[in-house]
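Notes to accompany the following structure.
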There are 2 protein chains.
Amino acid sequence: MQLPPLVQAFVLHFGEMGSRWGINRTVGQIYALLFVSPQGLNAEEIVDKLGLSRSNVSMGLKELQAWSLVRLQHRPGDRRDYFSTPEDIWQIVRTLVEERKKREIDPTLTLLRELLMEAPSDDDERYAQQRLTEMRDLFELFAGWYGDVRRLDTQRLVQLLTLGAQVQKVLEMKDRFLPGRAARGKASIG
Amino acid sequence: MQLPPLVQAFVLHFGEMGSRWGINRTVGQIYALLFVSPQGLNAEEIVDKLGLSRSNVSMGLKELQAWSLVRLQHRPGDRRDYFSTPEDIWQIVRTLVEERKKREIDPTLTLLRELLMEAPSDDDERYAQQRLTEMRDLFELFAGWYGDVRRLDTQRLVQLLTLGAQVQKVLEMKDRFLPGRAARGKASIG
DNA sequence: TCGTCATTTCAGAAATTACCGAAATGACGA
DNA sequence: TCGTCATTTCGGTAATTTCTGAAATGACGA
């Protein structure tokens with residue numbers, strides 16, 4: 001791996017963090033490298049720069065494509081695939097949010113809905129179902145939020161994320177001037 | 001494992017999802033069981049219900065404690081530890097958000113800040129640093145948002161999450177009536 | 001059609017992670 | 001101080017995941 005120290009540190013860190021983010025080290029490294037590369041890279045360039053095996057890079061790129069995290073380009077007179085990350089980092093955020101929803105939220109939401117169709121047979125099951133109801137409501141709320149994030153344009157998304165603690169003030173105003181809009185979430189508000 | 005089918009299905013699902021959420025199967029199962037149990041359980045009860053080894057349950061509980069995801073109680077005249085999850089599901093959300101920030105955001109933010117202290121030595125490094133700047137700003141924004149989520153009380157948190165796509169309308173109003181508040185985030189808005 | 005180059009697949013090796021039983025530690029009452 | 005019970009630690013093993021080299025596939029121009 002003969003990379004500038006800056007890039008090398010970033011790539012190695014991303015590899016290590018990969019395990020916490022649900023991707024493996026190789027995939028994390030490939031992604032990090034593509035992220036800081038001015039032009040797209042082909043598989044062999046990635047092999048050279050990261051010192052990984054050809055097939056491993058192929059697998060990693062496949063996984064990144066499954067996550068829709070890399071773009072594929074071609075150059076005239078060159079048969080090879082060149083990979084790069086989207087220029088717009090917010091597009092990456094939307095993609096990640098969408099994929100995480102698909103993988104981490106939706107399956108559980110589906111299961112919770114199914115389990116809550118059954119009638120409880122005793123008090124313990126009744127308690128369990130009540131807990132599952134709380135969790136389903138929570139997951140519905142998350143699913144809705146993730147969906148919103150995916151749909152919002154960049155400016156509004158930044159605003160939504162920056163809003164944070166100001167939410168109360170802003171919402172008081174909303175209630176004053178836009179009354180009567182029911183909240184979407186059903187989650188218990190304690 | 002002799003559990004009601006409802007609970008069993010939930011426990012098994014949580015175990016499988018565990019790997020996507022960054023915890024292992026055992027830990028996921030233990031957590032799911034505690035979540036739907038009306039009373040706290042001691043280690044041996046968990047062993048019996050889930051069919052795991054004593055030591056594995058001990059490790060799992062230790063990890064859940066490291067995540068602050070379980071509470072420890074005692075009963076008079078009983079030396080054993082009884083474990084349960086917080087009643088308030090929103091407290092669980094805050095805990096998860098805080099821990100995820102600590103594990104998935106903060107380390108990368110620290111590294112990015114460090115890397116951006118160095119002066120670039122050529123054009124490629126200049127490009128890389130520009131990309132890292134975008135990413136640092138993004139992570140700063142996330143860190144701020146996570147912090148807000150942790151601090152907000154439940155009602156406001158639900159409002160913030162429900163707000164979603166309404167953000168534009170609400171923010172137009174805010175700008176009209178509360179002008180001049182600078183946004184915290186520096187992330188490029190393309 | 002053939003030869004070349006790029007990519008993917010695949011079976012096994014290597015590495016990592018999860019798991020268990022046994023032993024050690026620690027807390028408590030007698 | 002003991003003896004008992006609960007919990008944790010530890011060494012080894014099992015299971016899973018990641019990685020590799022070799023072979024297969026596919027695309028393209030001649």
Side-chain angles (χ1 to χ4, degrees), chain A residues 1 11-12 14-34 39-67 69-84 103, chain B residues 1 11-12 14-34 39-67 69-84 103:
Chain A
M1 196 198 288
V11 162
L12 292 178
F14 242 65
E16 296 311 316
M17 293 302 283
S19 55
R20 300 191 187 180
W21 295 335
I23 57 177
N24 68 39
R25 194 172 61 243
T26 306
V27 173
Q29 290 186 1
I30 295 173
Y31 186 77
L33 176 64
L34 293 177
Q39 289 91 28
L41 301 177
N42 64 44
E44 189 150 347
E45 289 169 331
I46 298 171
V47 167
D48 290 345
K49 285 174 193 274
L50 298 182
L52 302 169
S53 75
R54 188 71 188 68
S55 49
N56 204 6
V57 169
S58 175
M59 297 293 217
L61 288 170
K62 205 172 145 196
E63 185 169 345
L64 285 171
Q65 284 176 287
W67 276 83
L69 278 173
V70 293
R71 292 192 193 300
L72 180 54
Q73 302 142 349
H74 284 102
R75 298 184 184 176
D78 188 337
R79 193 192 299 170
R80 291 168 293 183
D81 296 339
Y82 283 80
F83 296 90
S84 61
R103 290 157 205 253
Chain B
M1 197 197 291
V11 162
L12 292 178
F14 243 65
E16 295 311 316
M17 292 302 283
S19 54
R20 300 192 187 180
W21 294 335
I23 57 177
N24 68 38
R25 194 172 60 245
T26 305
V27 173
Q29 290 187 2
I30 294 173
Y31 186 77
L33 176 64
L34 293 177
Q39 289 91 28
L41 301 177
N42 63 44
E44 188 152 348
E45 289 169 331
I46 297 171
V47 166
D48 291 344
K49 285 176 195 273
L50 297 182
L52 303 168
S53 75
R54 174 165 292 288
S55 50
N56 204 5
V57 169
S58 174
M59 295 297 216
L61 288 169
K62 205 172 145 195
E63 187 169 345
L64 285 170
Q65 284 176 287
W67 277 84
L69 278 174
V70 293
R71 290 193 193 299
L72 180 54
Q73 302 142 350
H74 284 102
R75 298 185 184 175
D78 188 338
R79 193 190 299 171
R80 293 168 291 182
D81 296 339
Y82 283 79
F83 296 90
S84 61
R103 291 157 204 255

- request: For DNA chain D, list all stems, counting runs of three or more consecutive pairs where every pair is Watson-Crick or G-U wobble with both distances under 3.5 Å.
  value: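 Ordered by first number, the stems with DNA chain D (at least 3 consecutive pairs each) read C:1-30 with D:1-30.
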
query: Which of these, A:Val57, A:Asn56, A:Leu52, A:Leu41, sits in a side chain to side chain contact (heavy atoms under 4.5 Å, CB included) with A:Val47?
result: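 Checked A:Val57, A:Asn56, A:Leu52, A:Leu41 against A:Val47; only one passes side chain to side chain contact (heavy atoms under 4.5 Å, CB included): A:Val57.
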
- prompt: OP1 or OP2 of D:dT8 less than 4.0 angstrom from a side-chain nitrogen or oxygen of B:Ser55, does that happen here?
  reply: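 No, B:Ser55 has no side-chain N/O under 4.0 Å of OP1/OP2 on D:dT8.
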
query: Is any side-chain nitrogen or oxygen of A:Lys62 closer than 4.0 Å to OP1 or OP2 of C:dT7?
result: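 For C:dT7, neither OP1 nor OP2 has a side-chain N or O of A:Lys62 closer than 4.0 Å.
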
Using only atom types and a distance under 3.5 Å, with no angle test, would you say the side chain of [X] pairs donor to acceptor with the backbone of [Y]?
{"X": "A:Gln29", "Y": "A:Thr26", "value": "no"}
{"X": "B:Glu63", "Y": "B:Gly60", "value": "no"}
{"X": "A:Arg103", "Y": "B:Arg20", "value": "no"}

- request: Check each residue of residues 15-28 of chain B for a non-hydrogen atom within less than 4.0 Å of any atom in DNA chain C, then write out the ones that pass by number, or none.
  value: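 The answer is B:Asn24, B:Arg25, B:Thr26.
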
query: How would you label the contact of A:Asp81 with the nucleic acid (heavy atoms, under 4.0 Å): base, sugar-phosphate, or nothing?
result: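 The answer is sugar-phosphate, as A:Asp81 gets under 4.0 Å only of primed atoms, P, OP1 or OP2.
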
Whole angstrom value for the distance that separates [atom2] of [N] from [atom1] of [X]:
{"X": "A:Ile46", "N": "C:dA6", "atom1": "CD1", "atom2": "P", "answer": "14 Å"}
{"X": "B:Asp78", "N": "C:dA27", "atom1": "CG", "atom2": "P", "answer": "17 Å"}
{"X": "A:Met59", "N": "C:dT8", "atom1": "CE", "atom2": "C1'", "answer": "8 Å"}
{"X": "B:Leu41", "N": "D:dA6", "atom1": "CG", "atom2": "C1'", "answer": "16 Å"}
{"X": "B:Asn42", "N": "D:dT8", "atom1": "CG", "atom2": "P", "answer": "12 Å"}
{"X": "A:Glu63", "N": "C:dT7", "atom1": "CD", "atom2": "C1'", "answer": "17 Å"}
{"X": "B:Leu61", "N": "C:dC19", "atom1": "CG", "atom2": "P", "answer": "13 Å"}
{"X": "B:Arg54", "N": "C:dA24", "atom1": "CZ", "atom2": "C1'", "answer": "15 Å"}

State the [atom1]-[atom2] distance between [X] and [Y], to the nearest 0.5 angstrom.
{"X": "A:Leu61", "Y": "A:Ile30", "atom1": "CG", "atom2": "CD1", "answer": "5.0 Å"}
{"X": "A:His74", "Y": "A:Asp78", "atom1": "NE2", "atom2": "CG", "answer": "8.0 Å"}
{"X": "B:Arg71", "Y": "B:Gln65", "atom1": "CZ", "atom2": "CD", "answer": "12.0 Å"}
{"X": "A:Asn42", "Y": "A:Gln73", "atom1": "CG", "atom2": "CD", "answer": "11.5 Å"}
{"X": "A:Ile23", "Y": "A:Leu69", "atom1": "CD1", "atom2": "CG", "answer": "8.0 Å"}

Proximity to the side chain of [X] - top-ranked nucleotide from [options]:
{"X": "B:Asn56", "options": "C:dC19, D:dA22, D:dT9", "answer": "C:dC19"}
{"X": "A:Arg79", "options": "C:dT9, C:dT7, D:dC28", "answer": "D:dC28"}
{"X": "B:Ser53", "options": "D:dG21, D:dT7, C:dG21", "answer": "C:dG21"}
{"X": "A:Arg80", "options": "D:dT8, C:dG21, C:dA6", "answer": "C:dA6"}

- request: If a pair satisfies ring pair (Phe, Tyr, Trp, His ring centres under 6.0 Å) and one of its residues is in residues 15-34 of chain B, list it, with sequence neighbours excluded.
  value: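 Non-adjacent pairs meeting ring pair (Phe, Tyr, Trp, His ring centres under 6.0 Å): B:Phe14-B:Trp21.
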
